[in-house]
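Take a look at the structure set out below.
Treat the numbers as computed from the prediction; the structure is a model and nothing was measured. First listed ligand is number 1; within each ligand, the first listed atom is number 1.
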Amino acid sequence: MSSHSDLRPETLAVSLGRPPHTPGAALNVSPVMASTYVGAHDTSGPGLGYGRDGNATWTALEDVLGALEGGRALTFASGMAAASAVLDLLDPGSTVVLPTSCYLGVAALVRSRAERFGWTLRTVDVADTEAVLAAADGADLVWLESPTNPLMEVADLPAIGAALRGRTLTVVDNTFATALLQRPLEHGFDAVVESGTKFVGGHSDLLLGAVTVRPDADDLFRSIADVRHDHGAIPGPMEAWLALRGVRTMPLRVRAAQANAGVLAERLAAHPAVARVRYPGLPDDPGHTRAAATMDGAGSLLSVDLADASAAERFIDGCTLWTHATSLGSVESTFERRRRWSAELDVVPEGLVRLSVGVEHVEDLWRDLEQSLDAL
Ligand SMILES: *Cc1c(COP(=O)(O)O)cnc(C)c1O
């Protein structure tokens, strides 16, 4: 937002979404537990009427998330609720561009809607800019994810955003990078979807999602707000409050986890039991040059390819500090073999383990991984 443009992300994350600085006031907003608000006869005024229309705790969180992405945010009950709200804008018969490999929940949702509503699906390798632009021709929605989950492919968001600006509805799922490492709205994308369950919350204790739209996209903002109101996939006040508490430290957590990930990626790549490390921070990764040019860091997620499913399972079972769990972006390090989910796309290798690096001491994390890899 222009009024905050002189403040850096670390400052925005801490200073926005607060009550006014008046003597005696609390520094933090509280979780506002309200299903309804005292009424006025004239309902055209600014006040809230019902709990599904708005909540001061959401608003505080939306102020922070919007400022970080450079747009206006609407929070939802989960990342999937946020994604659904965007997809809900499409008419039957629409044409949708979707990554060949992306978060499986979104891929499955788009595929099922495509079947029900007669959408034409065009799947593209997000790293192939020419292919993305060709597929976007005549499309009603271009949905991108970068880096992709869990293959870690990197799209050229500045080039794609500039080429498609104003031509079609363009959306980036920014869950992996967060607004701290890339800001798609600045490159011309219309909206960013994020699972706040991950890095925003940061402690594996809540689900939440957000859609953030370009500051000038008033119609889009209103349409998505209407979907939220009508479908009711609103965040609970406690979740919004926890996410607000989480976002205060997101810059610190992302930086610490990313530093750990860089060290672990290099060591994993040198281990004989690891066939391949997928991490755009590594100089020989296919996405490295692009990530270095377009992102403010490679993040804290990486995937390793082991020999097969059995090696991946034995690797996971041999670790004690790392937690075997899905989800990502929390303070504790977690990992999982993605193909254990039957819905995971078959472009993901059977022996691939996705690691979400946390903020523990990197030497403790490495020792746990190394002794298990050594035993394979
Ligand atoms: C987790 C995730 C989602 C879905 O978010 P939920 O909060 O689990 O509904 C969407 N996109 C990506 C990239 C994710 O990792």
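Under a 4.0 Å N-O distance rule, the pair D296/R183 qualifies as a salt bridge. Using a 4.0 Å cut-off between charged nitrogen and carboxylate oxygen, E360 and R367 do not count as a salt-bridge pair. Salt bridge annotation for D285-R278: absent, with no cationic side-chain nitrogen under 4.0 angstrom from a carboxylate oxygen.
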Which N/O atoms of ligand 1 sit under 3.5 Å from a protein N/O, and at what distances?
| from | atom 1 | to | atom 2 | distance (Å) |
| --- | --- | --- | --- | --- |
| ligand 1 | 5 (O) | S195 | OG | 3.0 |
| ligand 1 | 7 (O) | G79 | N | 2.8 |
| ligand 1 | 7 (O) | S195 | OG | 2.8 |
| ligand 1 | 7 (O) | T197 | OG1 | 2.6 |
| ligand 1 | 9 (O) | G79 | N | 3.0 |
| ligand 1 | 9 (O) | M80 | N | 2.8 |
| ligand 1 | 11 (N) | D173 | OD2 | 2.6 |
| ligand 1 | 15 (O) | K198 | NZ | 2.8 |

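Annotation: salt bridge (charged side-chain N to carboxylate O under 4.0 Å, His left out) contacts involving residues 320-342, sequence neighbours excluded, comprise E313-R337, E336-R338, E336-R340, E336-R354, R337-E350, R338-E344, R339-E350. Here salt bridge (charged side-chain N to carboxylate O under 4.0 Å, His left out) pairs that include residues 87-114, with residues two or more places apart or in two chains, are D88-R113.
Every residue was checked against the side-chain hydrogen bond (donor to acceptor under 3.5 Å, both in side chains) condition with R248, not counting sequence neighbours, and none meets it.
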